[in-house]
Undergrad: 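Below is the structure I would like to discuss, written out as structure tokens.
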Amino acid sequence: MLRKESSRPYKEFDDEDDDDKRSPQFFDDATEDLDGEEPNGSISQEDDIRGISPPVRFSKACLKNFFTVILIFIYLLLTAVAVFLAYQTINEFLQKHNNPVMSVTYKEVESFSPPGIALYPGKAQLLSCRHHFHDYIPPLVDPGKPQKGDCVIKDVTYYGPFSNQTQKRALVVRGPSDVRNKELIFMQFSHNETEEDFSAITYMLFAKFSDLNDSTNESEFMRECERNYSMWTFSGGFRTWVKMSLVKTSGRTNEGIEFRQESAVVKFNDKRPEPEQTNQLFFAVFEWRDPYMQEIKLIVTANPWSSVAILCGVFMALFKAANFAKLTIQWIIRMRKRHLRNKEREMNPITDS
């Protein structure tokens, strides 16, 4: 009974198909949706594919692919900038590390360590050596004659560092230390060798007089001082006022100490009797210029932590760019495979089992 109701004559299906095929509305819709027909009235396979995949869908996909390519280009550009920035950071760090800058600072002190004043009088005779304060030197009494002194003096004999055959004699005087009270040392020499064309006394300054006392070999100590420190001179017939300043230089590995000096020369008005004027007189004054110690340091301005931070940021940007490029390529491959799979499915006819 059920089978009889559900079964319909073949002709009815045939009539319905004929009615559908002959419906004017069907052909109107087909004409509007399809771009063209073949001459025999059947739809081409390419037009069928276009009908299944609307143009709007293709437009969105193309637009999305276009923006993806633009993003990839931007990330590649940013990656190139990041690589250049990393190179510049490393290059700048190396340049600053290899070329340190000089930093000069001034340290104020109440007093200096007494320096060593090494004098090489030769045939000259030390007449007096006294400490005075407040830049005051009393008038000379009996110039050219020995007088009492209050200086600490050591007599050291040694061979020169540049010629072992030359023996030298140095009078090493303990220098001034009280810079606030303007302590100075006034020394007087006489020289009776009048046949010389020029006469002068050579002197040398080194950092601490106590280093000489603490040394086990005073002669070797003076040899090293002469090797490392400079020599100066003061002339006869004048009073040479030497104002010292101490400079400490710190390099990458070693530290050095040197003296800088400003000297002023005043002519001595010799009032002695003419027979006594054959003995030439030398006067020297040693004093600290100011209570400031100059310190020179070589500073490497390259900061490794800031360079590391910049490089970390650069490498993070490179990692993000690489990760984005990887995901984008994977997405493009997946979309391509899906498109080929859909195209293959559309090309194959649908078979009913």
Side-chain angles (χ1 to χ4, degrees), residues 102-121 126-140 147-156 170-189 201-215 218 221-222 224-226 228-235 238-251 254-266 268 282-299:
M102 183 179 294
S103 173
V104 180
T105 57
Y106 291 89
K107 180 181 179 181
E108 186 175 3
V109 296
E110 293 293 331
S111 62
F112 288 94
S113 297
I117 305 173
L119 300 116
Y120 301 87
L126 178 63
L127 299 178
S128 66
C129 178
R130 294 190 61 85
H131 289 258
H132 301 284
F133 293 89
H134 307 293
D135 287 344
Y136 174 71
I137 299 176
L140 295 176
Q147 300 175 7
K148 289 184 179 182
D150 56 0
C151 295
V152 179
I153 302 174
K154 277 196 171 188
D155 195 340
V156 182
L171 295 178
V172 184
V173 181
R174 185 178 185 270
S177 61
D178 192 349
V179 64
R180 290 296 182 183
N181 292 322
K182 296 184 179 297
E183 180 186 4
L184 58 86
I185 289 179
F186 178 72
M187 288 182 286
Q188 183 181 171
F189 293 86
I201 294 177
T202 304
Y203 68 94
M204 176 183 64
L205 302 174
F206 59 91
K208 294 180 180 179
F209 180 80
S210 60
D211 292 341
L212 177 62
N213 290 330
D214 298 338
S215 64
E218 295 181 352
F221 177 81
M222 291 303 300
E224 291 300 319
C225 286
E226 186 176 345
N228 298 321
Y229 291 95
S230 300
M231 294 282 191
W232 291 280
T233 59
F234 57 90
S235 301
F238 296 93
R239 186 190 70 181
T240 304
W241 196 305
V242 180
K243 292 191 176 183
M244 306 172 293
S245 60
L246 190 61
V247 179
K248 289 185 176 181
T249 304
S250 300
N254 299 325
E255 292 185 357
I257 297 177
E258 64 172 319
F259 283 89
R260 294 179 182 175
Q261 59 176 344
E262 297 176 0
S263 59
V265 178
V266 180
F268 169 60
F282 299 78
F283 303 94
V285 181
F286 291 90
E287 180 190 6
W288 289 104
R289 186 182 66 178
D290 49 45
Y292 297 100
M293 181 187 301
Q294 185 176 351
E295 295 183 353
I296 301 175
K297 295 181 180 180
L298 296 178
I299 299 177

Undergrad: With a 4.5 Å heavy-atom cut-off, do Q188 and R130 have their side chains touching?
TA: no
Undergrad: Does K154 have more than 12 heavy atoms from other residues, nucleotides or ligands lying within 6.0 Å of its NZ?
TA: yes
Undergrad: Heavy-atom count around Y292 OH within 6.0 Å, excluding the residue itself: above 12?
TA: no
Undergrad: Side chains of R239 and I137, heavy atoms from C-beta outward: is any pair under 4.5 Å?
TA: yes
Undergrad: Hey, what do you get for CD (E110) to CZ (R180), rounding to the nearest 0.5 Å?
TA: 4.5 Å
Undergrad: Evaluate the side-chain proximity of M187 to F234: yes if any heavy-atom separation is below 4.5 Å, no if none is.
TA: no
Undergrad: Which atom pair, heavy atoms only, marks the closest approach of H131 to D150?
TA: N-OD1, 2.9 Å
Undergrad: For residues N228 and F206, determine if any side-chain heavy atom of one lies less than 4.5 Å from a side-chain heavy atom of the other.
TA: no
Undergrad: State, with a plain yes or no, whether a side-chain heavy atom of F221 is found less than 4.5 Å away from one of V156.
TA: no
Undergrad: Mind listing the side-chain donor-acceptor pairs of residues 256-266 below 3.5 Å, one per line with the distance, residues two or more places apart or on another chain?
TA:
residue: Q261; atom: OE1; partner: Y203; partner atom: OH; Å: 2.7
residue: Q261; atom: NE2; partner: Y203; partner atom: OH; Å: 3.2
residue: E262; atom: OE2; partner: R289; partner atom: NH1; Å: 2.8

Undergrad: Give me the atom names and distance for the closest heavy-atom approach of S128 to K148.
TA: CB-O, 4.4 Å
Undergrad: Measuring only between side-chain heavy atoms, which start at C-beta, is P115 closer than 4.5 Å to W288?
TA: yes
Undergrad: Could you tell me which residues satisfy side chain to side chain contact (heavy atoms under 4.5 Å, CB included) with N181, sequence neighbours excluded, listed by chain and number?
TA: F133, H134, D178
Undergrad: Quick one: closest heavy-atom pair of V104 and Q294, and the distance?
TA: CG1-NE2, 3.5 Å
Undergrad: Can you tell if the side chain of V285 reaches within under 4.5 Å of the side chain of V242, non-hydrogen atoms only?
TA: no
Undergrad: Determine whether I185 and C129 make a side-chain contact, defined as any pair of heavy atoms from C-beta on separated by less than 4.5 Å.
TA: yes
Undergrad: Which heavy atom of I201 sits nearest to which heavy atom of P121, and what is that distance?
TA: CG2-CA, 4.1 Å
Undergrad: Looking only at non-hydrogen atoms, find the nearest pair between T202 and T233 and report the distance.
TA: OG1-CG2, 3.5 Å
Undergrad: Please report the interatomic distance CD1(I296) to OG1(T249), rounded to the nearest 0.5 Å.
TA: 4.5 Å
Undergrad: Please identify each residue that fulfils side chain to side chain contact (heavy atoms under 4.5 Å, CB included) with P138, with sequence neighbours left out.
TA: H132, Y136
Undergrad: Which heavy-atom pair separates F112 from D290 by the least distance, and what is that distance?
TA: CE1-O, 3.5 Å
Undergrad: Pair V173, F286 - check side-chain contact (heavy atoms from CB on, under 4.5 Å), show working.
TA: CA-CA 11 Å; V173 181; F286 291 90; over 6 Å; no
